> 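One structure, pasted below without further comment.
Because the structure is predicted, anything quoted here is derived from the model rather than measured. Counting starts at 1 for both ligands and their atoms, following the listed order.
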Amino acid sequence: MKEIQYTILVPAYNEEETVNAFYDAITPVMEKIDETYEVIFINDGSRDHTAELLDQLAEKDKHIKVVHFSRNFGQQAAFNAGFHYAQGNAVIMMDCDLQDPVEVVPEMIAKWKEGYDVVHGKRTIRKGESFFKKITSTLYLKILKKITGLNIPKNVGEFKLFDRKVVDAILTMPEKNLYLRGLTAWMGYKQTFVEFERQERVAGETKFNFKKLVKTAINGIVADSTYPLTLSMKVGVMGSVLSSIAFIVFIVLACCKIVLPLTAWLFPTITLVASILCILQGCTNIYLTQIYKEVKSRPVYLVRETKNID
Ligand code: UDP
Ligand code: MG
């Protein structure tokens with residue numbers, strides 16, 4: 001057991017308008033719980049006054065710890081760093097903008113004390129999110145679930161609690177491309193939910209522009225699936241079957257003395273050549289898939305608990 005009971009982990013990128021509000025909101029909640037805690041802010045290369053404000057908070061309150069990144073590396077990298085520095089027996093990840101209500105933290109802790117290893121914050125209402133964002137994120141989740149085969153829960157974001165053993169398990173994974181939603185589903189353990197109403201940002205704007213969202217979405221697929229690598233083989237096999245059928249039809253027509261123009265033969269010929277190239281690429285991809293899995297070196301299994309074993 002660690003000396004510190006709870007770590008609140010907060011990535012912050014250009015959050016000068018929200019850091020103080022977050023501090024003012026979380027402090028009374030954690031003080032009321034009356035156990036040891038720390039709040040770790042990961043300043044993800046902010047270019048506004050976030051760094052100075054965080055340093056001031058750290059100066060006046062020893063519960064506040066700050067890690068300043070050398071530049072903007074993204075929210076998932078900030079979580080990665082946070083897991084590394086966190087000392088708590090339970091680690092709670094939160095947005096800096098109070099979209100994740102601080103009152104939910106004690107509920108999450110209560111679930112953890114019941115014995116759950118992962119407690120997800122589940123959004124019942126999603127204020128401050130555009131219709132476009134809700135639709136695209138629902139669609140993306142469907143695609144992600146289909147191609148990864150993982151049971152990734154709906155309406156769940158990065159607001160969660162992890163037990164120490166979950167954080168330690170993540171730290172043993174050598175993979176660099178961390179995508180928490182997929183990884184949490186992959187890891188298993190005892191998981192549960194706490195429902196909450198997602199609030200609007202207390203101030204400022206979302207730090208996820210379209211480019212960042214697309215990058216995160218692609219990372220999410222690549223982190224937990226090698227499906228795109230299988231496409232080449234599938235397209236190749238389909239193309240060669242279709243072009244072979246076309247050849248057979250053309251030969252039958254020729255036998256029936258129906259003469260097709262020479263250019264008509266070009267279509268199945270090109271398709272067949274392209275399909276053979278796809279199949280050859282597909283063969284390379286089978287090895288690439290294996291190499292990718294080996295390089296990622298995820299553990300073969302994770303243990304939740306043992307009995308009568310030292
Ligand atoms: N964030 C970060 N690095 C980034 C983008 C965002 O650390 O490159 C932080 C941000 O400061 C916030 C959290 O990640 O604390 C979630 O970001 P945001 O609230 O902008 O996302 P949204 O809630 O709109 O999805
Ligand atoms: Mg937010």
> Could you list the atoms of ligand 1 found under 4.0 angstrom from a heavy atom of Glu15?
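Near Glu15, the atoms of ligand 1 are 10 (C), 11 (O), 12 (C), 15 (O).
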
> Can the positive tip of Lys207 be found less than 6.0 Å from the middle of the six-membered ring of Tyr13, inside 45° of the ring normal?
no

> Short N/O distance, under 3.5 Å, between Glu205 and ligand 1?
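Min N/O separation from ligand 1 is not below 3.5 Å for Glu205.
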
> When you measure from the heavy atoms of Arg201 to every atom of ligand 1, does any distance fall below 4.0 Å?
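For ligand 1, residue contact (heavy atoms, under 4.0 Å) with Arg201 is present.
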
> Enter the distance from Asp44:CG to Phe69:CZ here, rounded to the nearest 0.5 Å.
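Nearest 0.5 Å value for the CG-CZ distance: 6.0 Å.
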
> Which of the atoms of ligand 1 are close to Arg198, meaning less than 4.0 Å from one of its heavy atoms?
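Going through ligand 1 atom by atom, the ones under 4.0 Å from Arg198 are 22 (P), 23 (O), 25 (O).
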
> OE1 (Gln99) to the Mg ion (ligand 2) to OD2 (Asp95): angle, nearest 10 degrees?
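Gln99 OE1 and Asp95 OD2 form an angle of 120° at the Mg ion (ligand 2).
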
> With a 4.0 Å cut-off on N to O distance, would you call Asp224 and Arg298 a salt bridge?
yes

> Do any N/O atoms on Cys96 end up under 3.5 angstrom from N/O atoms on ligand 1?
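By distance alone, the answer is yes.
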
> Please say whether the positively charged group of Arg164, taken as NZ for Lys or CZ for Arg, lies over the ring of Phe162, i.e. under 6.0 angstrom from the six-membered ring centre and within 45 degrees of the axis.
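No, Arg164 and Phe162 do not form such a contact.
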
> For Ser243 versus Thr271, what's the shortest heavy-atom pair and its separation?
CB-CB, 3.9 Å

> Below 4.0 Å from any atom of ligand 1, is there a heavy atom belonging to Lys212?
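Within the 4.0 Å threshold, so yes.
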
> Distance to 0.1 Å, residue and atom name: give those for the protein heavy atom nearest to atom 17 (O) of ligand 1.
Phe208 CE1, 3.6 Å

> In Å, rounded to the nearest 0.5 Å, how long is the span from CD1 of Ile64 to CG of Asp55?
12.0 Å

> Quiz question: by atom type and distance under 3.5 Å, do the side chains of Gln281 and Asn285 form a donor-acceptor pair?
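Checked: Gln281/Asn285 side chains pair up, N/O donor to acceptor below 3.5 Å.
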
> Measure the SG-CG distance between Cys283 and Leu288 for me, rounded to the nearest 0.5 Å.
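Rounded to the nearest 0.5 Å, the SG-CG separation comes to 12.0 Å.
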
> So if I apply the side chain to side chain donor-acceptor pair (under 3.5 Å) rule between Glu38 and each of Gln5, His63, Lys62, Lys65, which one comes out positive?
Lys65

> For ligand 1, which is the ligand I care about here, please tell me if Met94 has any N or O atom under 3.5 Å from one of the ligand's N or O atoms.
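No, there is no polar N/O contact under 3.5 Å.
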
> Between CE of Met173 and CG of Leu178, what distance do you get to the nearest 0.5 Å?
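Rounded to the nearest 0.5 Å, the CE-CG separation comes to 9.0 Å.
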
> Backbone, side chain, both or neither: what part of Met93 comes under 4.0 angstrom of ligand 1, heavy atoms only?
neither

> Does a sphere of radius 6.0 Å around OH in Tyr140 hold more than 12 heavy atoms from other residues, nucleotides or ligands, not counting ones at 6.0 Å or beyond?
yes

> With Asp95 as reference, evaluate Arg201, Glu15, Arg198 under the side-chain contact (heavy atoms from CB on, under 4.5 Å) test and give the passing residue.
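It is Arg198; the other options fail the test.
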
> Counting only heavy atoms, tell me which of Asp44, Asn209, Asp95 gets closest to atom 4 (C) of ligand 1.
Asp44

> Would you say Lys215 touches ligand 1, if touching means a heavy atom closer than 4.0 Å?
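The answer is no: ligand 1 sits nowhere under 4.0 Å from a heavy atom of Lys215.
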
> Closest non-hydrogen protein atom to atom 9 (C) of ligand 1, residue and atom name please, with distance?
Pro11 O, 3.7 Å

> Starting from atom 1 (N) of ligand 1, what is the nearest protein heavy atom, named by residue and atom, and what distance separates them?
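The protein heavy atom lying closest is Tyr13 CB, 3.8 Å.
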
> So which heavy atom in the protein is nearest atom 5 (C) of ligand 1, and how far is it from that ligand atom?
Lys207 CB, 3.7 Å

> How is the N/O/S atom of Asp97 that comes nearest to the Mg ion (ligand 2) named?
OD2

> Would you confirm whether Glu16, through its side chain, and His49, through its main-chain N or O, come within 3.5 Å as a donor-acceptor pair?
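Yes; judged by distance alone, with no hydrogens or angles, the pair exists.
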
> Look at atom 24 (O) of ligand 1 and say which protein heavy atom is nearest, naming residue and atom and giving the distance to 0.1 Å.
Thr206 OG1, 2.6 Å

> Which of the numbered atoms in ligand 1 are under 4.0 angstrom from any heavy atom belonging to Asp97?
19 (O)

> Would you mind listing which atoms of ligand 1 come within a distance below 4.0 Å of any non-hydrogen atom of Gly74?
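This gives 3 (N), 8 (O) as the contact atoms.
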
> Considering only heavy atoms, does Asn72 approach ligand 1 within less than 4.0 Å through its side chain, its backbone, both, or neither?
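The side chain, only.
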
> Write out the residue and atom name of the closest protein heavy atom to atom 25 (O) of ligand 1, then the distance separating them to 0.1 Å.
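Here the closest protein heavy atom is Lys133 NZ, 2.9 Å.
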
